[in-house]
Amino acid sequence: MKFSKAYEPGQYEPDVYALWEASGAFSPKNNKTENNQPAPFTIVMPPPNANGNLHIGHGLTVALEDILTRYYRLKGRPTWYIPGADHAGFETWVVYERKLEREGKSRFDFTRDELYAQVWDFVHEQRGNMELQLRALGASCDWDNLTFTLDPKVTETVYKTFKRLWDDRLIYRGEKLVNYCTKHQTAFADIEVVHKEEKGTLWQIAYPLTNPTKNCQEIIVSTTRPETLLGDVAVAVSPDDVRYKNIIGEKVKLPLTDREIPIIADEHADPEYGTGAVKITPAHDPNDYEVALRHQLEMITIIDQSGKLTENAGDAYAGLTVSDARQKILLDLKHAALLRGEKKITHSVGHCYKCDTIIEPLLKEQWFVNVKPLANRAIAALKNNEIKFYPASKKRALINYLEQLHDWNISRQIPWGIPIPAFQNQDDSSDWIFDTRVNEVKITKNGKTYIRDNDTFDTWFSSGQWPFIVTHQQKGYYPTSVMETGADLLFQWVGRMIMLGLYVTDEVPFREVYMHGMVLDEQGQKMSKSKGNVINPIEIAGKYGSDALRMGLIASRSAGVNQAFSTSKVIASRNLYNKLWNISRFIQQLVDENPEKDSLELTLTNLSEDWICTEINRANKELQKLLDKYRFAEASELLYDLIWNKYADWFLESEKLWKNVPLLKSTLEQILTLLHPFAPFVTETIWQNLSWTDGILITNAWPNLYKVNSSKAKQFSELITIISNIRSHYQSLPGAGNYPIAFHDDPLMYQNQLLIQHLTKSPCVPKLEKSEITGLHLAIPNHNIYLQIPTEILTKHRENLEQRILKLGAEINTLEARLRNPNYLQKAPTALVAETKASLSEKETLLENMKQELKLI
RNA sequence: GGAUCCUUAGCUCAGUUGGCUAGAGCGCACGAUUCACAUUCGUGAGGUCACAGGUUCAAGCCCUGUAGGAUCCACCA
């Protein structure tokens, strides 16, 4: 294959991916095995929605996870990156129900099994898109082990866990107040409810006492939801509230009804708030529910699952929607002269995170997990540092969350999900049994007939078991090495995986957690379909290359922080890869043109060669340190600098003279390997294009360090300083032209004249005697270098020089001040003090040189 | 009500146990020209590190407070 002039990603990426996939490199078993088999690296992909398309957040996820996977694969560890596809229970259900609506149908036209089959087909029509997109992003995951969240092995494990929880009495069936969306007709876990600050009204309503006294005829309660008074069962006051002390135990007449309800004492009532008296509606308010439990009060449901008032509300109100009922009740209260005032307030109201409908707390029988024991174990593991978090602050946040977690409602009233394997005795509603025959509506057992619970599991109940499901708890691969996911999933997913992982496997499901922030749009706004600012990762990858997208996404991004997407970073990355492409093209050309050098042994003969090998070594070591700490952005910067500013600008420019073919080949191989995790496609494409490379880069070995002569490397650094200094003078001096470079008594300059001439494009003029030289003396310590510049031009240079002398003087002052400070000398590390002294003397020499330079002018 | 994060160059952001003259990309200015690369090469300008105190020999980094921005949690009638 011939190198084209520019890198055209789209032309190579699909083929390269196919090459990897066919090679078996994605499977952990196919990695090199040595005598001392290193520990496996396992990472589980957060399963993307099976019937959706990937968004930019997936782009970031895949970038981070695949960098780790490829890095550890190169390091020789058996790596296992496990992909998944999510049935995305509620998400998909919402989409499907919308489709039904458009077709003029509703969920109530079908049985659960029919609906399940329909959604299954619907999902499988779309399925495959996201898997192709993962390939386009370069995810080197083990496709043979792709798991769909409704696969039999998933449900089997989930049922086993459910049974175990059941047997351990950690699952219970309970009638509790649940968060209910009346539009979607399903319950939610607390965490799925979105609370928003809203303006509302606090009404004051008078409840007349049945036995009024002179001092007290009525009690006034405050509420934001007057319609619920129809379900009131008591009025609570604080036990310490002197205003009401005498009437505790009395009764009031519930307005608009003929019921009488007691006045009770409960500390839920805050004497400071409103009138200090609060109406108790256990069936429709979480606090009131708690109060009712404490006082064994009746719970009257007056709102049904569709958000309308029930018969319990009385003939006048039954059938009305909540908001209609509120209007009517307010009107009726006014007529009854019981409305005592209103106040505008802001309060927090729960909404459905999907349709924004106000969440109605309803009394429903559901399955609950008693989370306390699970959470306590998770908390203990976290406190015991069994899991390391990046960023570290997330650990504490998770502990706080777990410490105040309420029992977890895992029942969902939607057909698309894993059916709950529980059946109820048709003759005894308290008799529930566990059975996995969920395909049958009715089963018999021990001569009794049982009816299936039609609910499905909360998706997080099964997702919470994901790591041990997909790894099958294989030794060495479970616990997984790291869990990488979005910071928004800390509680609902990461927390649950830890709880269920510990419960089922007795081990934490992962050793480390890396959480990325959100990818915002270029203006720093959250992306959303409605705003129309969504960036499609596949589009960007198509335009600039998958590698450029990857590097662009991780650049300047740190753990847990939300950050704007930046096209300029993607372009910068694309440019780097084009640069690398041309570096490779150039080296291939040198290899082709110098066949006689090809078989030579690898030796370092020039200063630049020791220097670049030192730099590559440094990058190699530094890269490992950074990736150990998940510092992706810094790692990418390091590689950018190595390849462009060091390898291309200095080493390759020098090699135009030396053409050390074996070294060019070796260094290029090393650089391609180091970069491969960050830019898999371009590095592999180059690898395949080079004439001398074998096999595939993806399973290459991580490079060993070069043996280098560090003093030679240091000398080349000095040359860089000298050459940069000379170039800078050429630019700043008035009048174009590169002036001859004269020097005396300067071995480094003598020995590297050719290189200096090449890199400065000006002639070197070695002199034997200092007296022979005229011109501008460069202010470089330990060197005697002069630019032979005509005197009239020199004078114009004076001003510039004076400024630099002043600046240097100031720097010397600060150093001197530091060294005069006895405390510094005493308390700072000796190495640091020595360094400061060395630096000072260097600067002083430099200053001397510059002063001389000034004198000459 | 509680908690967390952010504020560093014109823009987007790095800056890990405090330690030389605070970095990168983009943008900007100036110069180069077809010899691997214009998706190029060279040179440069640009920063009271939000503000005010404190700890320290030494603070962008640690502590306290203030201001502005963002997010999360929570049952406030």
Side-chain angles (χ1 to χ4, degrees), chain A residues 3 5-7 177 190-191 195 202 221-225 236 268-270 273-275 277-281 285-290 345 347-348 350 361 391 393-394 396-397 400-401 404 406 487-488 490-491 517-518 522 524 544 548 552 555-558 560-569 571-590 625-626 629 631 633-634 636-637 640-641 648-649 652-653 656 724 727-732 736 761 807-808 810-811 814-815 818 821-829 831-833 835-836 838-840 843:
Chain A
F3 274 111
K5 198 167 178 187
Y7 177 57
L177 216 45
D190 292 342
I191 195 161
H195 291 272
L202 188 66
V221 302
S222 309
T223 182
T224 52
R225 302 199 56 188
H268 165 54
D270 174 4
Y273 192 93
T275 56
V278 54
K279 60 197 261 331
I280 299 301
T281 323
D285 182 282
N287 289 310
D288 297 0
Y289 175 80
E290 299 291 329
I345 56 159
H347 60 147
S348 143
S393 60
K394 297 289 173 194
R396 237 180 60 220
N400 284 344
Y401 172 77
Q404 47 91 52
H406 297 305
D488 50 329
L490 178 63
F491 303 139
M518 246 183 297
E522 301 232 22
Y544 301 103
S556 289
R557 196 177 288 276
S558 48
V561 179
N562 295 346
Q563 225 153 281
F565 178 80
S566 160
T567 307
S568 74
K569 296 267 183 196
I571 292 175
S573 310
R574 190 266 320 259
N575 293 353
L576 173 69
Y577 301 145
N578 186 64
K579 184 80 184 176
L580 181 68
W581 182 260
N582 278 291
I583 287 170
S584 309
R585 191 155 74 101
F586 180 53
I587 291 177
Q588 180 67 62
Q589 188 186 317
L590 290 176
K625 270 193 214 158
L626 291 171
K629 291 186 279 181
R631 297 191 160 263
E634 281 160 77
S636 75
E637 230 171 77
Y640 187 102
D641 182 57
D649 289 352
L652 227 45
E653 283 306 319
K656 284 179 179 170
S724 301
R727 283 172 177 170
S728 173
H729 276 93
Y730 289 159
Q731 287 290 327
S732 63
K761 299 195 176 70
K807 200 177 161 204
L808 187 64
E811 286 169 17
T814 55
L815 289 184
R818 188 173 304 161
N821 183 343
N823 284 325
Y824 174 73
L825 294 175
Q826 223 170 61
K827 295 186 183 174
L832 193 69
V833 176
E835 213 177 308
T836 309
S839 163
L840 179 62
K843 278 176 202 292

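Quantities reported herein were computed from a predicted structural model and do not represent experimental measurements.
Of the nucleotides present, rC6(B) is the one that pairs with rG68(B) by Watson-Crick or G-U wobble criteria, both distances under 3.5 Å. Pair assignment for rC62(B) gives rG54(B), based on Watson-Crick or G-U wobble hydrogen-bonding distances that are each under 3.5 Å. A 3.5 Å limit on both hydrogen-bonding distances identifies rG23(B) as the Watson-Crick or G-U partner of rC13(B). Nucleotide rG31(B) forms a Watson-Crick or G-U wobble pair with rC41(B), both donor-acceptor distances falling under 3.5 Å. Under the Watson-Crick or G-U wobble criterion, with both distances below 3.5 Å, rU48(B) has no partner in any strand shown.
Between rA24(B) and rG46(B), the two P atoms lie 14 Å apart (nearest whole Å). The P atoms of rA52(B) and rU8(B) are separated by 15 Å, rounded to the nearest whole Å. rC49(B) and rC11(B) are spaced 16 Å apart, taking the P atom of each and rounding to whole Å. Taking atom P on both nucleotides, rG23(B) is separated from rU48(B) by 15 Å, rounded to a whole Å.
When atom types are taken as modelled, the side chain of Ser728(A) and the backbone of Ser724(A) share no donor-acceptor pair closer than 3.5 angstrom.
Among the protein residues, Pro829(A) comes within range of the nucleic acid bases, having at least one heavy atom under 4.0 Å from a base atom. Heavy atoms of Phe491(A) sit under 4.0 angstrom from primed sugar atoms or phosphate atoms, though from no base atom. Contacts of Glu290(A) with the nucleic acid, taken as non-hydrogen atoms under 4.0 Å apart, are absent. Using a 4.0 Å heavy-atom distance criterion, Ala277(A) is classed as making no nucleic acid contact. Counting non-hydrogen atoms under 4.0 angstrom, Thr836(A) reaches nothing in the nucleic acid.
Between the side chains of Asn582(A) and Arg585(A), at least one donor N or O lies within less than 3.5 Å of an accepting N or O.
Judged by distance alone, with hydrogens and angles left aside, Gln731(A) brings no side-chain donor or acceptor close enough to the base of rG44(B) to form a pair under 3.5 Å. Judged by distance alone, with hydrogens and angles left aside, Arg727(A) brings no side-chain donor or acceptor close enough to the base of rU43(B) to form a pair under 3.5 Å.
Taking the side chain of Ala6(A) as heavy atoms from C-beta on, and the options rA3(B), rC41(B), rU39(B), the nearest nucleotide is rU39(B). Between rU43(B), rC13(B), rG42(B), one nucleotide has an atom nearer to the side chain of Asp649(A) than all others, and that is rG42(B). In this structure, of rG19(B), rA24(B), rC76(B), it is rA24(B) that holds the atom nearest to the side chain of Glu637(A). In this structure, of rU40(B), rC76(B), rA3(B), it is rU40(B) that holds the atom nearest to the side chain of Asn575(A). The listed nucleotides are rU4(B), rA74(B), rG25(B); the one nearest the side chain of Ser348(A) is rA74(B).
Separating the CG atom of Asp270(A) from the P atom of rG1(B) is a distance of 13 Å, rounded to the nearest angstrom. Protein atom CZ of Phe3(A) is 17 Å distant from nucleotide atom C1' of rU39(B), rounded to whole Å. Separating the CD1 atom of Ile280(A) from the C1' atom of rC75(B) is a distance of 12 Å, rounded to the nearest angstrom.
Within the 4.0 Å cut-off from OP1 or OP2 of rA36(B), not a single side-chain nitrogen or oxygen of Ser584(A) is found. Between rU4(B) and Ser393(A), no contact under 4.0 Å exists linking OP1 or OP2 to a side-chain N or O. The phosphate of rC37(B) has OP1 or OP2 within less than 4.0 Å of a side-chain N or O from Lys5(A). Contact between the side-chain N/O atoms of Ser728(A) and the OP1/OP2 oxygens of rG44(B) is found at a separation under 4.0 Å. Applying the 4.0 Å criterion to OP1 and OP2 of rU21(B), one finds that Arg818(A) has a side-chain N or O inside that range. The shortest distance between the side-chain N/O atoms of Arg631(A) and the OP1/OP2 oxygens of rA14(B) is not below 4.0 Å.
Below 30°, between 30° and 60°, or above 60°: for Phe491(A) and Tyr401(A) the angle between ring planes is below 30°, a parallel geometry.
Rounded to the nearest 0.5 Å, atoms CG (Leu576(A)) and CD1 (Ile571(A)) are 14.0 Å apart.
Nearest-nucleotide mapping onto RNA chain B: of Arg557(A) and Lys656(A), the residue sitting toward the 5' end is Arg557(A).
With Met518(A) as the partner, the side-chain contact (heavy atoms from CB on, under 4.5 Å) test is satisfied by one option alone out of Val561(A), Asn562(A), Asp488(A): Asn562(A).
Because its NZ or CZ atom is not both nearer than 6.0 Å to the ring centre of Tyr640(A) and within 45° of the ring axis, Lys579(A) does not count as a cation-pi partner of that residue.
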